[in-house]
Novice: 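Have a look at this one before I ask anything.
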2 protein chains.
Amino acid sequence: MDMGSKGEHSRQRIIDAADRLFYIKGFNQTSFSDIAEAAGVARGNFYYYFKTKDDILQAVIEKRAEDIRRMLEDWEASYPDPRDRLRRYVTILTKEQQHIEKFGCPMGTLCTELAKLRHARQTQAAEMFELFRCWLEKQFRLLGHKDDARDLALHLMAREQGAAIIANAYHDSAFLQREADDTLRWLDTV
Amino acid sequence: MDMGSKGEHSRQRIIDAADRLFYIKGFNQTSFSDIAEAAGVARGNFYYYFKTKDDILQAVIEKRAEDIRRMLEDWEASYPDPRDRLRRYVTILTKEQQHIEKFGCPMGTLCTELAKLRHARQTQAAEMFELFRCWLEKQFRLLGHKDDARDLALHLMAREQGAAIIANAYHDSAFLQREADDTLRWLDTV
DNA sequence: GTCTATATAATGATAGAC
DNA sequence: GTCTATCATTATATAGAC
């Protein structure tokens, strides 16, 4: 019941800063000093909230998952038509153009990095994908797809990831837009 | 003309070891000690061949580019039909299943990491993609595509990258196979 | 809860003997 | 061309005063 205390504020600031830095610089390339500085917290005080780097990674993943859940709920409330919901998903590429071109997809790049690190939180990070997969699958089911709803959801996610990788490698946000348009056309045929 | 000397052997062993480790562990996560150990070279001796970590990254990128060029030449020699050549490209996903599931695509993951590091060799790494893009574009042109050959090449690359990301995140090589099959069907409609 | 100071290990990189 | 020894820096992590 002490949510307004300085402590909780510091904790949240650390998570927010880590979330941003993990995306921009990568997990392993982000030091405690980087996070502490960005959060405006003394280095030593850091360990009052997070004992290990694994702890803060876990907190960041949980935060991102929560953000995703909230976003999907918003979309579901805003768009009654499942097809419009799927379209909204594709439109991430358009709305996040600038970031994707520079840093790729937050989910995709984190999972890629954790896989190479053979990090214990790898599975947990992949569950961010699962949130999207389940939600997308549900929309495809509402459109009448039974056996292939799951495959369609995974395929749609793969398209977004592929577009993000190429756009990031080439620093080409125009390509991102073309891929988004192409995916929207594909959606109409499904 | 001294290609059989011990020196050149060491240099090549270092490059080969770095190539493998950069793929498996990532560039920044691979230390000089890791490479030296894997190559069977003393840590100090390392600097006789490569002054900085940037130097060895450059050498690895050049090696990978050379491997790609050779592979594309082989494909061109083996398959007279441009459509078969495009199919061969898609089949990478099948042949490299095991590696992709564990470590993703060597090109894609390296470009992603260098982008986050804001590394100077980022552009050079992206030229590995360019080798594929040019070659794929040429095949699409041979199939009669004029204005959209370039876009088709980029789209095909994005598909492979997307499949690799999802397969890596889920450690699911069966998905990789389904995406490969799906892409082959798409190729038939182009 | 917040801070300074510090321990400890690993990193990229150098110097110099052989 | 190969090696050992070492420097400077940075990283994660801890101790303890306030």
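Sequence lines set the chain letters: A, B, ... in the order given, protein chains first and strands last, and positions in each chain run from 1.
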Novice: Would you say a side-chain N or O of A:Ser33 is under 4.0 Å from OP1 or OP2 of D:dT10?
Specialist: no
Novice: Let's go through B:Glu130 and B:Arg133 carefully: what are the C-alpha distance in whole Å and the side-chain angles of both, what is the deciding distance for salt bridge (charged side-chain N to carboxylate O under 4.0 Å, His left out) to 0.1 Å, and is it a yes or a no?
Specialist: CA-CA 5 Å; B:Glu130 274 295 273; B:Arg133 203 264 304 155; 2.7 Å; yes
Novice: Near B:Lys53 NZ, under 6.0 Å, is it more than 12 heavy atoms from other residues, nucleotides or ligands?
Specialist: yes
Novice: Side-chain N or O of B:Ser10 versus OP1/OP2 of D:dT2: is the shortest distance under 4.0 Å?
Specialist: yes
Novice: Could you check how far NZ of A:Lys25 sits from C1' of D:dA11, rounded to whole Å?
Specialist: 12 Å
Novice: Check the distance between C:dT2's C1' and A:His9's NE2 and give it to me in whole angstrom.
Specialist: 16 Å
Novice: Send over the distance from B:Phe50 CZ to C:dT14 C1', rounded to a whole Å.
Specialist: 18 Å
Novice: Taking the side chain as every heavy atom from C-beta outward, state whether A:Leu187 and A:Phe140 have any pair of such atoms under 4.5 Å apart.
Specialist: yes
Novice: Identify whether the distance between the nearest side-chain nitrogen and carboxylate oxygen of A:Arg70 and A:Asp67 falls below 4.0 Å.
Specialist: yes
Novice: Taking NZ from B:Lys53 and P from D:dT10, how many angstroms apart are they, rounded to a whole number?
Specialist: 15 Å
Novice: Nearest heavy atom decides the nucleotide; on that basis, is A:Lys51 or A:Gln29 closer to the 5' end of DNA chain D?
Specialist: A:Gln29
Novice: D:dT6, C:dT4, C:dT6: which one has an atom nearest the side-chain heavy atoms of A:Arg43?
Specialist: C:dT6
Novice: Starting from C1' on D:dT10, measure out to CD on A:Glu37 and report it in whole angstrom.
Specialist: 14 Å
Novice: Within the 4.0 Å heavy-atom criterion, would you say A:Tyr48 contacts the bases, only the backbone, or no part of the nucleic acid?
Specialist: base
Novice: Output the rounded distance in Å from CZ (B:Phe32) to C1' (D:dC7).
Specialist: 15 Å
Novice: How long is the line joining CD1 of B:Ile35 and C1' of C:dA10, in whole Å?
Specialist: 15 Å
Novice: Check every atom of C:dA13, D:dT2, D:dA13 against the side chain of B:Asn45 and return the nucleotide holding the closest atom.
Specialist: D:dT2
Novice: Quick one: do the A:Arg13 and A:His9 side chains pair a donor with an acceptor below 3.5 Å?
Specialist: no
Novice: To the nearest Å, give me how far apart OH (B:Tyr47) and C1' (C:dT14) are.
Specialist: 8 Å
Novice: Would you say B:Ser31 reaches C:dA10's phosphate, i.e. side-chain N/O to OP1/OP2 under 4.0 Å?
Specialist: no
Novice: Indicate whether OP1 or OP2 belonging to C:dG1 is found under 4.0 Å from a side-chain N or O atom of A:Tyr49.
Specialist: no
